[in-house]
**Q** 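Sending over a structure as structure tokens; questions will come in a sec.
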Amino acid sequence: MNSKPSLDYEFSYGEGVTVTSRNYPFHFIEKDDIKVHYAMIGMAYVTENYPLYYDAVNEKVLEIITR
């Protein structure tokens, strides 16, 4: 049995390929806002115009993968 967390579900949350432009403001509740960052593309669920990425890469090829 695989006990590692995974987003490989048999149903969709409405996620899709999402592009976030360079310096799109990210607002957080418990952290300072991020106003300067590279552009990103990846799989995300978007809610209230806010992308929740779980697989993504930025324009400098730094990847994030949630498994």
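In what follows, every heavy atom counts, from backbone to side chain, and hydrogens, waters and symmetry copies are set aside.
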**Q** Going by the side chain to side chain donor-acceptor pair (under 3.5 Å) test, which pairs reach into residues 31-48, not counting sequence neighbours?
**A** His27-Asp33
**Q** Return the set of residues passing side-chain contact (heavy atoms from CB on, under 4.5 Å) with Val17 (not counting sequence neighbours), or none when no residue passes.
**A** Ile41, Met43
**Q** Under the ring-ring contact (aromatic ring centres under 6.0 Å, His included) rule, collect the residues that match up with Tyr50, sequence neighbours excluded.
**A** Phe26
**Q** Look up atom OH in Tyr24 and atom CD1 in Ile34, then write down how far apart they are to the nearest 0.5 Å.
**A** 13.0 Å
**Q** Got a second to check how far Leu52's CG is from Thr18's OG1, nearest 0.5 Å?
**A** 9.5 Å
**Q** Report the residues that fulfil side-chain contact (heavy atoms from CB on, under 4.5 Å) with Asn23, sequence neighbours left out, ordered by chain and then residue number.
**A** Val36
**Q** Same cluster or not: are Leu62 and Tyr53 linked, directly or through other Ile, Leu, Val, Met, Phe, Trp or Tyr residues, by side-chain heavy atoms under 4.5 angstrom apart?
**A** no
**Q** Mind jotting down which residue pairs meet the salt bridge (Lys or Arg N to Asp or Glu O under 4.0 Å) criterion with at least one end in residues 11-29? Sequence neighbours excluded, please.
**A** Arg22-Glu59
**Q** At their closest point, which heavy atom of Pro51 faces which heavy atom of Thr20, and how far apart are they?
**A** CG-OG1, 3.6 Å
